[in-house]
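In what follows, a structure is listed as structure tokens, so that the remarks can point back to it.
Everything numeric here is computed off the predicted structure, so don't read it as measured data. Hydrogens, waters and symmetry mates play no part in the numbers below; they use all other heavy atoms, side chains included.
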Amino acid sequence: MARPVIVVPCYDEAERLDPGEILRLAETVDVHLADDGSRDRTADVFAKIAADSAGRVVAVSNGRNLGKAETVRRHMLAACHEGASAVGFLDADLATPVAELRRILQVFEARRAEAATGARIALAGRDIRRSAARHYAGRVFSTFASLAIGTTYYDTQCGAKVFRNSEALRAALAEPFLSRWAFDVELLGRLLAGAPAVAPVAASSLVEVPLEVWHDVAGSKLTLSDSWRSGLELALIWRDLRRRRRR
């Protein structure tokens, strides 16, 4: 039986990648390390990890820099066509630890969900380390993201997501995203909107899994100005999703 595939998009991540943790991830899922035109030694690190993985890790490359959104879309869609049972993505910094992704997969299968995503909720007894500025900016963003997709979602931007390989997902991934940074919202919205001859998924089939552990890792390429651009992209997403629902 085909295993899930997790795409790990990378751009100049040679210093931040943890080969041991990637190989530990590969004990549970197949891993596609996607090099988005890196200029450092990322490709060399990929090759070494893949060689040590007994075929569970595949190194793929865009050849040039396309951006995270297109990297994730392109390689998730390829994994779907290759027959993966489920596909998803995980940020290269592993701010969401491997053990937490495994919990997300367990909930995904137990609930027979169309999608299961991490949610960074700083509850008592959980180890969620995130700057106050990012936390409050995220709360505002998720409020407007929920309005854009038409259903309540606490944390649209957590970099750990898994999706059922279905006709609905393949249709949602068929066209490039309009957004560069808010593509998570756009993908969820496309699933909920459906496509010509493809029924939308039910909002109840999208499950958020509160994380036990999440640590903000230094070196993120997402700047404050990128965060503001993500907010502006929500207007484009909202308009496009209206069009898709009418269609």
Side-chain angles (χ1 to χ4, degrees), residues 4-7 9 67-77 79-80 84 86-91 96 101 104-105 107-109 111-121 137-196 198-211 214 222 226-227 229-247:
V5 169
I6 296 296
V7 174
K68 182 178 179 180
E70 180 60 11
T71 300
V72 168
R73 186 195 73 84
R74 180 174 294 197
H75 295 292
M76 280 181 57
L77 185 58
C80 284
V87 296
F89 58 92
L90 184 66
D91 285 345
T96 303
L101 182 69
I104 292 171
L105 284 164
V107 173
F108 175 73
E109 293 299 344
R111 295 281 297 271
R112 302 180 66 85
E114 288 295 324
T117 69
R120 298 162 292 183
I121 307 174
R139 297 308 317 124
V140 173
F141 182 89
S142 289
T143 298
F144 285 101
S146 294
L147 294 173
I149 65 176
T151 192
T152 301
Y153 225 89
Y154 182 87
D155 187 359
T156 56
Q157 300 311 104
C158 180
K161 294 181 171 66
V162 181
F163 302 85
R164 187 79 54 193
N165 183 358
S166 64
E167 187 178 15
L169 179 65
R170 294 189 295 275
L173 293 170
E175 301 174 37
F177 296 116
L178 298 175
S179 53
R180 180 177 177 85
W181 297 109
F183 71 92
D184 312 62
V185 178
E186 195 168 353
L187 177 53
L188 292 168
R190 287 183 182 185
L191 287 172
L192 291 165
V198 179
V201 305
S204 59
S205 69
L206 306 181
V207 179
E208 289 191 272
V209 182
L211 299 177
W214 190 92
L222 181 66
D226 292 329
S227 298
R229 290 191 191 98
S230 296
L232 295 175
E233 287 177 350
L234 289 179
L236 294 175
I237 294 170
W238 175 78
R239 185 173 62 183
D240 182 63
L241 292 178
R242 285 189 64 195
R243 177 185 64 82
R244 289 173 180 272
R245 293 185 190 105
R246 288 197 301 268
R247 186 175 64 180

If you round to the nearest 0.5 Å, how far is [atom2] of [Y] from [atom1] of [X]?
X	Y	atom1	atom2	value
R243	W238	CZ	CH2	13.5 Å
E114	S204	CD	OG	10.0 Å
E233	F141	CD	CZ	7.5 Å
I149	D184	CD1	CG	10.5 Å
I104	E208	CD1	CD	10.5 Å
L169	N165	CG	CG	6.5 Å

State, yes or no, whether a side-chain contact exists between [X] and [Y] at a heavy-atom distance under 4.5 Å.
X	Y	result
R190	V198	no
F89	T71	no
V5	M76	no
V185	Y153	no
I6	V162	yes
S142	Q157	no
E186	L241	no
L187	L173	yes

Please indicate whether [X] has more than 12 foreign heavy atoms, meaning atoms of other residues, nucleotides or ligands, lying under 6.0 Å from its [atom1].
X	atom1	value
R112	CZ	no
R139	CZ	yes
R111	CZ	no

Testing the basics here: between [X] and [Y], what is the closest heavy-atom pair and its distance to 0.1 Å?
X	Y	value
A195	A171	CB-CB, 3.9 Å
P9	L90	CD-O, 3.5 Å
C158	L211	SG-CD1, 3.9 Å
A113	S205	CB-O, 3.4 Å
S179	A182	OG-C, 3.3 Å
L192	A203	CD2-CA, 3.7 Å

Query raised in the report: Could E109 and R164 be called an ion pair, given the rule that one side-chain N must be under 4.0 Å from one carboxylate O?
Result: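 Yes, charged N to carboxylate O under 4.0 Å.
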
Original post:
Between R73 and E70, is there a side-chain N and carboxylate O pair less than 4.0 Å apart?
Top reply: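 Salt bridge: yes.
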
- Just do the side-chain contact (heavy atoms from CB on, under 4.5 Å) check on V72 and F177 with the steps written out, would you? CA-CA 10 Å; V72 168; F177 296 116; 5.5 Å; no

Next on the checklist: Assess the residue pair F144 and I237 against the criterion (side-chain contact (heavy atoms from CB on, under 4.5 Å)); give the C-alpha distance rounded to whole Å, side-chain angles, the decisive distance to 0.1 Å, and a yes or no.
Outcome noted: CA-CA 11 Å; F144 285 101; I237 294 170; over 6 Å; no

### T117 vs Y154, side-chain contact (heavy atoms from CB on, under 4.5 Å): CA-CA, chis, key distance, verdict
CA-CA 10 Å; T117 69; Y154 182 87; over 6 Å; no

